[in-house]
*Asks:* 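Attaching a single structure in structure tokens format; questions to follow.
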Amino acid sequence: MLTTRRTSLGVSPRRVVGALLALGLALLVPRAPWFNAPRAESDRAAISRSGVLGGASYLIEAPAKWEGGLVVFAHGIQRGPGPGAVATPPIASHILAGGHAWVASGYRAREYQPHLFIEDLIALRELFVKEVGRPRWTIIYGQSMGGHIVVASLELHPALYQGGLAECGLVDGISIADYLMAYTAAAELISGVPMFDAPDREAFARTLNERVVPALGMPGSYTARGQQFDSVVKYLMGADRAGNDLPLRLQGLRRRYLLNMMYRPRDVENDLNPGVRAASTVHIRYRIDPGLGLTEAELNARVRRLQPAKDARSPIANPVYAERTGRLTVPLITLHETGDAWVPLSLEQSYRRRTIAAGTDHLLVQRVMRAPSHCGFDGQTREQAFDDLVAWIERGVRPQGEDVLARDLSRIGLAWTLALHPDDPLAGQRR
């Protein structure tokens, strides 16, 4: 006679299986038009090409048995004058091993100009279509500044891409400039040093080193005012609603503490830097822990508010630098580190809120690694994210992520962190 055993929770295995099947069905999304598209020709030779297109160097790689998938790679910021240097995707070999092709552009210029780089990648994709063939689907994959390119491309050119992957990315677009300006404005107020009045970059650097650092101290050796500033930064970077710090935030901040202080020219209207022109702190609502001698009300009332240049954030005049809308039409997976002080987790939180408002949060999956780095993900994490995105596109199965807006983020990232950092507050505890 057959009997039904019970789990330790008093639930029958049959019900558990039924629940899991229901969950699996809930994760399915409707099939998209490209799912049943014919496979690309697979009897051609492998392709490896390089060249220059529109002033931008590029690479094209396709395997001999190309299955029709294409990855367009958007690298991060490069400093200096002249055209950028082309970089291969960090999972280039994994992409090819899966039967997919990839392309990468060095961009026609350097610095922070994603409006140009989006165009460079569109042109490169068109070249691929002309010389290799039309892909069944195209994924745009970006790192750091490339994350701005990914999300802006998905929102502004939805017909070109069937999925996006952003790593340590500026996923909320121009909010990165707002964060850096808000960071600097808080340092100005709390230190008592009028940093934004510096007449040029050299004077700004002298003021920073000679007056701001003595007033605030450095991470690990803060003054009383430095403790106030660090509390403000904690929330700017993404501390949760309960006031918990992000794991390894302070360790990551040490690398960016002074570098995040952003010089702003007085004549912002005529500045050539689109990030500086579009940066704004008008909408920033600062937070600070109680008991530090500075209240939130006082902080928000006294901090200097910075206006963007005219039309710098206009959806019509400058759509790439306008605030993102969250209106996704295809799947997007993002990866981010908790202690990234250059591109903070708060950008992920902000973009999640935009997708919720737009009703598209079901198309966004976010994963977090507990680390103080910027773009320091291991190959296994990257490869898994890519494979999960391909499965989402081809089979309609939405992968797992986590809630970056949870009230308590003290345990965030445990599922995607292969080995805990020695300074992690949970190091030594069983996961």
*Asks:* Please check this pair: side chain of N318 against backbone of D311, looking for a donor-acceptor N/O pair closer than 3.5 Å.
*Replies:* yes
*Asks:* Would you sort out whether D178 and H283 count as a side-chain hydrogen bond (donor to acceptor under 3.5 Å, both in side chains), showing the intermediate values?
*Replies:* CA-CA 9 Å; D178 299 347; H283 59 290; 3.3 Å; yes
*Asks:* Could you tell me whether H94 and W102 have their ring centroids closer than 6.0 angstrom?
*Replies:* no
*Asks:* Show me the pairs that pass salt bridge (charged side-chain N to carboxylate O under 4.0 Å, His left out) and involve residues 242-252, at least two apart or across chains.
*Replies:* D230-R249, D245-R249
*Asks:* Quick one: does R110's side chain have a donor or acceptor within less than 3.5 Å of a partner on Q78's backbone?
*Replies:*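 Answer holds: no.
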*Asks:* Determine whether a donor-acceptor pair (N or O, by modelled atom type, separation under 3.5 Å) exists between the side chain of R305 and the backbone of N300.
*Replies:*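 It does hold such a pair.
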*Asks:* Sub-3.5 Å donor-acceptor pair from the side chain of S144 to the main-chain atoms of G146, do we have one?
*Replies:*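 No.
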*Asks:* Side-chain contact test, heavy atoms from C-beta onward, threshold under 4.5 Å: evaluate it for Y107 versus Q113 and give yes or no.
*Replies:* no
*Asks:* Are there over 12 heavy-atom neighbours, none belonging to L259, within less than 6.0 Å of that residue's CG?
*Replies:*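 Check passes, neighbour count above 12.
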*Asks:* Got a donor-acceptor contact below 3.5 angstrom from the R327 side chain to the L156 backbone?
*Replies:* no
*Asks:* Mark yes or no for whether S350, through its side chain, and S346, through its backbone, hold a donor-acceptor pair below 3.5 Å.
*Replies:* no
*Asks:* Shortest non-hydrogen contact from Y286 to A186?
*Replies:* CE2-CB, 3.9 Å
*Asks:* For the residue pair Y112 and F117, is the inter-centroid distance of their aromatic rings smaller than 6.0 Å?
*Replies:* no
*Asks:* If you draw a 6.0 Å radius around CZ in R287, do more than 12 non-hydrogen atoms from other residues or ligands fall strictly inside?
*Replies:*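 Count over threshold, so yes.
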*Asks:* Test side-chain hydrogen bond (donor to acceptor under 3.5 Å, both in side chains) on E323 and S175 and set out the steps.
*Replies:* CA-CA 7 Å; E323 291 189 19; S175 290; over 6 Å; no
*Asks:* For W416 and Q384, run side-chain hydrogen bond (donor to acceptor under 3.5 Å, both in side chains): C-alpha distance rounded to whole Å, both residues' side-chain angles, the deciding distance at 0.1 Å, then the answer.
*Replies:* CA-CA 10 Å; W416 316 109; Q384 180 181 351; over 6 Å; no
*Asks:* Ignoring hydrogens and angles, tell me if any N or O in the side chain of Q307 forms a donor-acceptor pair with the backbone of S280 under 3.5 Å.
*Replies:* no
*Asks:* Which atoms form the tightest heavy-atom contact between P158 and T329, and what is the distance?
*Replies:*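 Smallest interatomic distance, heavy atoms only, reads CB-OG1, 3.5 Å.
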*Asks:* Measure from the side-chain N and O atoms of E155 to the backbone N and O of T325, and report whether any donor-acceptor pair falls under 3.5 Å.
*Replies:*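 Indeed, once roles are kept as given, a pair shorter than 3.5 Å links the two residues.
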*Asks:* Fit a plane to each ring of W137 and H100, take the angle between them on a 0 to 90° scale, and name the class: parallel (under 30°), tilted (30 to 60°) or perpendicular (over 60°).
*Replies:*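 Judged by the thresholds at 30° and 60°, the geometry between W137 and H100 is tilted.
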*Asks:* Verify, without hydrogens or angle tests, whether Q143 (side chain) and G76 (backbone) share a donor-acceptor contact under 3.5 angstrom.
*Replies:*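 Here the side-chain-to-backbone pair does not exist.
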*Asks:* Donor-acceptor pair, H75 side chain versus G106 backbone, under 3.5 Å?
*Replies:*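 Such a contact is found between H75 side chain and G106 backbone.
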*Asks:* Should the heavy atoms of other residues, nucleotides or ligands under 6.0 Å from CZ of R407 be counted, would the total exceed 12?
*Replies:* no
*Asks:* May I have the step-by-step check of side-chain hydrogen bond (donor to acceptor under 3.5 Å, both in side chains) for R225 and S191, ending in yes or no?
*Replies:* CA-CA 7 Å; R225 282 185 285 177; S191 69; over 6 Å; no
